[in-house]
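Taking it in order: structure first as structure tokens, then the write-up.
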Amino acid sequence: MKYRSFIFSFNTLKIKYRLPKAVFCSVCIVVATEIGIWCLINMGLLQQDNSLQKLLIDNKRIIENDKPPVWIIGNSTLESLNEKVFNSIPHRFVKLIHGGATVEGSAALIEFYLKETLIRPEQVILFIVKDDVNVNGLGAKTSKTYLDLITWKKIFCWNYSYLRSVRHALQIKIMTIWSKIFIPPEKRKEWFLKYSPYRIGKINPKEITQAMMHNYQLNIKGFQHLSEIRDRFGIKSISVVFLPVSGSYIQWHNRLYPQLPYQAIRKKIRNICALYHFAFIDLGDPLSKECYADFIHLNKNCDSISVLIDKKLKIMFH
Amino acid sequence: MLFNTIEFAFFLSIVLSIYYALSRSAQNAFLVVASYFFYGWWDWRFCGLLAFVTFLNYCCAINAAPDCKNRKAFLYAGIGGSLGALGFFKYYNFFTDALAELFTHFGLCAPLPTLRIILPVGISFYTFQSMAYTIDVYRGKSTAIRDLPSVIAFMTFFPCLLSGPIERAGRMLPQFQTKRTINTHIFSQGILLILIGLFKKIAIADALANETNSVFSNIAETPWPELIGNIWLFAVQIYSDFSGYSDIARGIGCLFGFDISINFEQPYFAANVREFWRRWHISLSNWLRDYVYIPIGGSRRGKLKTYRNIILTMLLCGLWHGAAWTFILWGALHAIFLCLYLLVFGNKKRIFPSKTLSSIAGLCNIIITFNLIACAWLLFHFPTVAEVIEYFMRIISLQGSFSLHGFYFCKAGFFISLMLLIDIPQYVMRSHTAMLQWPWPLQGLMYGMMIILMILLAPGNEIPFIYFQF
């Protein structure tokens, strides 16, 4: 007991436990603002911004409602494909796009949906490009955010605040008013593109090198995870569609990483797919320049690749 | 574990809860454990380095006291060990690269190999703080303390461990040796300082980081008015980031019952560069003044030697910030500013003009000083001098048109006014917790607004404190 009293004291704190009026006032202001924003959202005057969390919740809802037997999953490279031409898929399908997700990230997200929805698809089709197997790239970083969200490592999420969830919508509103007053009509589009909170930074070679191809190292964990998911959840088959990036980007990659050139990555992915018994649709040969919106993303107007994919899927399904 | 993360909030609440329940002697030992845990969270491998620097200075200080034999040897051992660790981890590659370049210039082989060394976070801060303790004991300004937990807790106190303030033993160590009492006023001060610090970091510095980075990464296509605006915004960002850290550190100090020294006194209200250095990173300025500038002669041996001493001190100040030529140039630039000020205005004693903000001449001085300092900050961002020159060349060449920039400047003005919203009351009322003296409805409005702005402006990604790299 003597030893205990030597260590413990409880004499440090001499504060009166009374909530100061100012603190109470500030809490009231914040709560009132939240309620106000909630009302505006419900009245349809404000729209909540897109967020990773909202994306996951929306996707989950779509899967639960539609119960599609085929899941088409991928990142922004999938977004540019026209799924309306995928006539050869004999079942209803859902397109699940998670910007920046790598193979590992996509596998984790598939598992998340499987666990959360209790719905089992017959077929999963994963669309990838060569940067989706880089362990150090921008995609890997984004995937970590997805992983943090689905594993609750990201405990505190700003988006639980209504105020936070409308911040971009508020900026757009302010910008709309500003542009009506100060910006000539013919320049408004350009001006909006420049200052919009949804703007995507101009892709320049330096950024690509730093972000997408950063310290390129092949990561096959995602494929292994996919195989485990298939076995554990009784998915009939998993297919991997390897999408092409532009020729100049491939050349550039080869210059930077001569020890792991594009063709070697392609071959390795093919071998891994064979190892895990995934159907592999290899569309890795670069297309003409006009088919690309940038180095990686296909042009939305270019349907030829979507038609080509459909043909390959037809062979696979029938 | 950044101050503005949920992990730190958990860590702090657990540490505080245990701390309040302990007796004074146990509190210090517990603070040592908590500080090592905090430091080890970054990289546990460097806990050994932290232990080496702190224990070395603890032992050296005991043996460097005025009544000890061979005390000079222990002083040198303390300084040498601390500077050796700092030199190896922070400057080894810089000097080997510079030597290699010099040798290759003369057609010789590089004398030393380049190593892959990770820079331990906060090394510049805790080595300076520990070293200063040994020097102070040697000089008789501080007494050597044998109570190991108190001394180590002082040297490794986690709020100040990574980015200062660089505390002095004479001011801080007695606080570790006496009983701490935290009353309502101290607690309120602590919470307010944390709120202000978080506001500066999240709503100003982090929100600005994405704005400034997008301009810095796309200089070629940014019109010149925005390039100028970006210089101001980067200055606001770097100040809000660092002073935000210091405010949080001070606030946490209050919650533990310690009075941590003020590190920033609204530096952008300085009317000249000399005044700026009395308001910016005060603990480092004072350290350099007491342990470098005055020992090499200060201003006592004539004008020429004063200039020399200023230049040497500022070059060292630049080098302290980072092992790169840009930092040395930054120090040199500030040395030039200081020497020019001394040349034109002499060694005037009146440092803080009483009514600076209220006179037009005073305001002009502030604006000129701010712009000089803001331009120099570019050397902190760019890794090479060539890129800084290119930045200025783009401005001089008036690239891009002047139209459509109202919104950008409106945004820039918004962030600058957020900074002023905090700084003006502090400047006028000469207190960092001036808001506590306001009527409660005004206080409530201010706190509520700060929280709302933090929620709205916080970026989606984690942005580390800029000064962690130093």
Side-chain angles (χ1 to χ4, degrees), chain A residues 5-18 20-34 51-52 141 145 153-159 161-167 170-171 174-175 178-179 181-184 187-188 190-191 194-195 199 201-202 204 206-207 210, chain B residues 5-7 9-10 16 19-27 29-30 179-188 191-192 195 210 213-214 217-218 220-221 256-257 403-404 406-408 410-411 435-436 438-452 454-458 460-461:
Chain A
S5 62
F6 167 72
I7 292 178
F8 298 104
S9 131
F10 296 99
N11 280 333
T12 307
L13 270 183
K14 303 269 183 207
I15 58 171
K16 291 170 193 163
Y17 296 98
R18 199 184 51 172
K21 283 178 191 167
V23 175
F24 182 72
C25 177
S26 65
V27 171
C28 286
I29 289 170
V30 175
V31 172
T33 314
E34 282 287 331
S51 69
L52 293 185
K141 272 188 186 172
T145 316
K153 273 184 192 156
K154 208 168 187 159
I155 308 161
F156 188 80
C157 192
W158 283 107
N159 291 337
S161 155
Y162 285 105
L163 186 60
R164 175 76 180 166
S165 74
V166 296
R167 68 193 197 283
L170 282 174
Q171 190 179 335
I174 294 169
M175 284 177 68
W178 182 280
S179 66
I181 302 169
F182 298 108
I183 310 294
K187 288 191 171 177
R188 266 180 210 160
E190 180 201 343
W191 183 83
K194 188 170 162 59
Y195 293 112
R199 73 182 181 272
K202 269 210 161 184
N204 65 37
K206 201 177 165 189
E207 278 173 34
Q210 282 172 346
Chain B
T5 55
I6 196 74
E7 289 95 338
F10 274 118
L16 271 178
Y19 177 84
Y20 289 146
L22 297 173
S23 65
R24 188 200 65 81
S25 53
Q27 276 177 339
F30 177 66
K179 187 174 166 282
R180 279 134 245 173
T181 307
I182 299 146
N183 56 33
T184 313
H185 182 65
I186 295 172
F187 198 83
S188 311
I191 297 291
L192 177 60
L195 179 68
N210 290 334
N213 284 339
S214 70
S217 62
N218 201 15
E221 288 177 27
F256 283 94
S403 61
L404 306 177
F407 189 72
Y408 176 83
C410 198
K411 254 164 96 171
M435 283 178 213
L436 287 176
W438 295 358
W440 70 263
L442 195 59
Q443 276 187 55
L445 190 69
M446 187 73 179
Y447 304 155
M449 204 192 66
M450 283 162 82
I451 294 167
I452 287 169
M454 276 196 277
I455 294 171
L456 273 177
L457 299 173
N461 47 337

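Letters A, B, ... mirror the listed sequences (proteins, then strands); counts begin at 1.
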Handout entry: Residues in side chain to side chain contact (heavy atoms under 4.5 Å, CB included) contact with T181(B), at least two apart in sequence or another chain
Key = K14(A), K179(B)

Exercise for the section: Would you give the length of the straight line joining atom CD1 of I452(B) to atom OG1 of T33(A), rounded to the nearest 0.5 angstrom? Expected result: 3.0 Å

Completion exercise
So, the part of L457(B) with a heavy atom under 4.5 Å from chain A: the answer is backbone

Handout entry: Closest heavy-atom pair and its distance - A458(B), R167(A)
Key = O-NE, 4.2 Å

Practice task
Working to the nearest 0.5 Å, report the span between CD1 of I451(B) and OG of S161(A).
Solution key: 11.5 Å

Handout entry: Residues which pass side chain to side chain contact (heavy atoms under 4.5 Å, CB included) with S179(A), listed by chain and number, not counting sequence neighbours
Key = I183(A), R188(A), W191(A), F192(A)

Problem - Non-hydrogen atoms of S26(A) and G448(B) that approach each other most closely - result: CB-N, 3.4 Å

Practice task
Answer with side chain, backbone, both or neither: which region of F187(B) has an atom nearer than 4.5 Å to a non-hydrogen atom of chain A?
Solution key: side chain

Problem - Straight-line distance of C28(A) SG to L445(B) CG, nearest 0.5 Å - result: 12.5 Å

Handout entry: Residue, of I174(A), V166(A), L163(A), that accumulates the most heavy atom pairs under 4.5 Å with chain B
Key = L163(A)

Exercise for the section: Using a 4.5 Å cut-off on heavy atoms from C-beta on, say whether the side chain of C25(A) contacts that of W440(B). Expected result: yes

